[in-house]
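Below: one structure, written as structure tokens.
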Amino acid sequence: MENITLNPGDQVVFTSLETLDKTDLATATTAAGFVVGPGVSKKTSLLVAGDPDVESSKARKARDYGIPVIGERDFVEAFLGGALPVPAGAPELPAPTSLEDLPDNAKRDLTAVKLGCSALREELSVHALVKTPEAGTFIVRGPARYSALGEAWMVGGVAVAGSAKAPDKVVRVLGLAGGPESEPEDGLERLDVNHPVYGEFSVYGPVRRHVGLDLVGPWIRGGVHSRD
């Protein structure tokens, strides 16, 4: 990223954001002391885009004026302290300690799940209780990441919400991951995974045998990405 300086009161404009919510970004930008402009003009100091090489009309105009264009994540890291604020009221959930924390018949509180989805941010640590026909009921705790290819928010390889943050039907409970990871007991296993795409996350569930493999959720126990 080129050396860019912003001063309080400088105008910032957004175009073609890919993973960040425009309202959240505007709120954080204003709180940081900058002004959010509706369109590019000679008063604009910086254009923020999902892809800094985007060819939107705002980007073309910014380049004509010699206004720098940077990516949304670079902007957050350089000028907003590295993270956007999480909506108030998003549930914070502790790590499970026993199989009782994985009720197979968990009734979904859709209001709470939707609130959890609204809090999804890149790299924010999330707790999701998931039930699928293939892997049964398990909990995954790890960083949220948006997949532009799949148009979905992912946690540990599990799609928990669509691009508009509508919850996926497999999600029974969703919130922020609160507290440290636990050392489970009473038949509950914890599998720590370090994946090149999904990052470091933990999966909690019973060990199940499938085609000669021990699995926790959809992940192989002792597989190449396991850290235990």
Side-chain angles (χ1 to χ4, degrees), residues 86-87 89-147 150-228:
V86 176
E92 185 171 298
L93 305 170
T97 57
S98 72
L99 287 174
E100 292 182 357
D101 296 325
L102 274 80
D104 190 59
N105 60 346
K107 184 178 180 181
R108 181 159 79 160
D109 183 339
L110 189 56
T111 300
V113 171
K114 286 182 176 179
L115 188 56
C117 284
S118 73
L120 289 171
R121 302 288 188 279
E122 285 279 352
E123 302 301 326
L124 184 71
S125 188
V126 174
H127 173 116
L129 189 152
V130 177
K131 182 176 182 180
T132 71
E134 301 80 16
T137 302
F138 61 94
I139 286 174
V140 59
R141 290 167 61 91
R145 296 188 175 181
Y146 182 73
S147 169
E151 295 185 342
W153 284 90
M154 313 287 290
V155 179
V158 178
V160 297
S163 58
K165 297 185 179 179
D168 193 281
K169 63 182 179 181
V170 303
V171 178
R172 313 304 299 172
V173 176
L174 184 68
L176 308 182
E181 296 300 313
S182 66
E183 292 300 329
E185 50 191 43
D186 298 332
L188 182 68
E189 293 283 336
R190 167 184 158 189
L191 180 65
D192 292 327
V193 180
N194 187 352
H195 191 273
V197 175
Y198 306 122
E200 294 188 7
F201 59 92
S202 298
V203 185
Y204 292 80
V207 176
R208 58 189 181 87
R209 193 75 174 169
H210 181 67
V211 295
L213 299 172
D214 288 335
L215 305 176
V216 180
W219 291 91
I220 301 173
R221 188 186 189 195
V224 295
H225 300 304
S226 173
R227 292 188 282 116
D228 63 357

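Bear in mind that the values here come from a model prediction, so they are computed numbers and not experimental data.
- Between the CG atom of D192 and the CD atom of E200 there is a distance of 8.5 Å, given to the nearest 0.5 Å.
- Residues P184 and E189 have side chains not in contact (no heavy-atom distance under 4.5 Å, counting atoms from C-beta outward).
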Given the rule in the side chain to side chain contact (heavy atoms under 4.5 Å, CB included) test, do D186 and L99 qualify, once you have shown the distances and angles that lead to the verdict?
CA-CA 7 Å; D186 298 332; L99 287 174; 5.7 Å; no

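- Taking CH2 of W153 as the reference point, atom CD of E122 lies at 5.0 Å (rounded to 0.5 Å).
- For S182 against R190, the heavy-atom pair with the smallest separation is O-NH1, 2.9 Å.
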Step by step, would you call T97 with L188 a side chain to side chain contact (heavy atoms under 4.5 Å, CB included)?
CA-CA 7 Å; T97 57; L188 182 68; 5.8 Å; no

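- Considering every non-hydrogen atom in both A152 and A159, the closest pair reads CB-CB, 4.2 Å.
- Summarising the geometry of E134 relative to R208, their closest heavy-atom pair is O-NH1, 3.4 Å, with the distance given to 0.1 Å.
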Candidate pair V160 and V126, rule side chain to side chain contact (heavy atoms under 4.5 Å, CB included), full reasoning
CA-CA 10 Å; V160 297; V126 174; 5.7 Å; no

Let me see the working for V140 and F201 under side chain to side chain contact (heavy atoms under 4.5 Å, CB included), right down to the final yes or no.
CA-CA 7 Å; V140 59; F201 59 92; 3.9 Å; yes

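- Taking every heavy atom of both residues into account, A135 and G217 meet most closely at CB-C, 3.6 Å.
- Two residues are said to be in side-chain contact when any heavy atoms from C-beta on lie closer than 4.5 Å; H127 and I139 meet this criterion.
- Using a 4.5 Å heavy-atom cutoff, the side chains of D214 and R209 are in contact.
- When all heavy atoms of L120 and A144 are compared, the closest pair comes out as CD2-CB, 3.9 Å.
- Atom CZ of R145 sits about 4.0 Å away from atom CD of E123, to the nearest 0.5 Å.
- The only member of V158, L129, L191 that meets side chain to side chain contact (heavy atoms under 4.5 Å, CB included) when paired with F138 is V158.
- The OH atom of Y198 lies 6.5 Å from the CH2 atom of W219; values are rounded to the nearest 0.5 Å.
- Here the straight-line distance linking atom CZ of R141 with atom OH of Y204 works out to 5.5 Å at 0.5 Å rounding.
- Rounded to the nearest 0.5 angstrom, D168 CG and K165 NZ are separated by 15.5 Å.
- The two residues H210 and L215 come nearest to each other via the heavy atoms CB-CD1, 3.8 Å.
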